Amino acid sequence: MSTKILFGGAIALILLGLYVYLVVYAVMVVLCVTGTNCTSGLTLESFTRGMASGLATIGGLVSALVIAELAITKPGAAPAARLLTTSSSQGSQSSLKVVTFSYLAVWLLTGLTAYIVGPLQHEETLRPLTDLGQSWLGLAVAAGYAYLGINPNGDS
């Protein structure tokens, strides 16, 4: 694989890691603030303005990467398969598929968690988590449309 692909992949994984960390931390804050058995001492102030800004920015970047990748993938094909050449080994093909699907699964589960805990269960508790959950739902629908080649106007 080229250096460009490896560097881009490393950045994508770092961003995904930060995204997961911020969502998990926000969920922990919400559950601690709204629960009665919190022993960690987390408060709403524990989720700083910098974290809120990072959550919005990084969440948007990760979602944009997912949508862009799914938009250029043929329906039914594995995302990122275009990066492989016909001379690529079976092992590298399998590895790329595992990494790609793992990335998508982590994005999906993390966003779904933000949506359930934020807007559905604790809408007014931590606004950045609620905002992320709401925007993630729209982006998940857009990702599905992009991958399946669905046009909301009915044109294919």
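Since this is a predicted model, take the numbers as computed values, not measurements.
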Worksheet item: Any side-chain heavy atom of F47 sitting closer than 4.5 Å to one from L55?
Response: yes

Worksheet item: Between atom OG of S63 and atom CG of L15, what is the distance when rounded to the nearest 0.5 Å?
Response: 11.0 Å

Practice prompt. Nearest 0.5 Å please: distance from the CG atom of L126 over to the CE atom of M28.
Written response: 12.5 Å

Worksheet item: Going only through I, L, V, M, F, W and Y residues with side-chain contacts under 4.5 Å, is there a path from I14 to V99?
Response: no

Practice prompt. Looking only at non-hydrogen atoms, find the nearest pair between A26 and L129 and report the distance.
Written response: CB-CD1, 4.0 Å

Worksheet, complete the sentence: Nearest heavy-atom contact between V33 and L44 is CG2-N, 3.8 Å

Worksheet, complete the sentence: Tightest non-hydrogen contact, residues P119 and A114, listed as CD-O, 3.4 Å

Worksheet item: Got L132 and Y19 here, is their nearest side-chain heavy-atom distance under 4.5 Å?
Response: yes

Worksheet item: What distance separates T110 OG1 from L16 CG, expressed to the nearest 0.5 Å?
Response: 6.5 Å

Practice prompt. Before giving the answer on side-chain contact (heavy atoms from CB on, under 4.5 Å), spell out for L108 and L104 the whole-Å C-alpha distance, their side-chain angles and the decisive distance to 0.1 Å.
Written response: CA-CA 6 Å; L108 185 71; L104 292 172; over 6 Å; no

Fill in: Main-chain N/O of R49 paired with S53 side-chain donor or acceptor, under 3.5 Å
no

Worksheet item: Applying the 4.5 Å side-chain criterion to the ILVMFWY set and letting contacts propagate, would Y25 and I116 be lumped into a single cluster?
Response: yes

Fill in: Heavy-atom side-chain proximity of V29 to T43 below 4.5 angstrom
no

Worksheet item: When hydrophobic residues are tied together by side-chain contacts of less than 4.5 Å, even through go-betweens, does L70 share a cluster with L139?
Response: no

Item to complete: Indicate, with yes or no, if L13 and V24 share a hydrophobic cluster defined by side-chain heavy-atom contacts under 4.5 Å among Ile, Leu, Val, Met, Phe, Trp and Tyr.
Response: yes

Item to complete: Answer yes or no: is there a side-chain heavy-atom contact under 4.5 Å between W136 and L112?
Response: yes

Practice prompt. Check whether L61 and I67 end up in the same hydrophobic cluster, where Ile, Leu, Val, Met, Phe, Trp and Tyr are linked by side-chain heavy atoms less than 4.5 Å apart.
Written response: no

Practice prompt. Let me know which of H122, E124, E123 forms a side-chain contact (heavy atoms from CB on, under 4.5 Å) with T130.
Written response: E123

Worksheet item: Is Q121 close to Y115 at the side-chain level, that is, under 4.5 Å between some pair of heavy atoms?
Response: no

Worksheet item: What heavy-atom pair brings L42 and C32 nearest, and what distance separates the two atoms?
Response: O-SG, 3.6 Å

Fill in: Contact check, side chains of V62 and Y103, non-hydrogen atoms, under 4.5 Å
yes

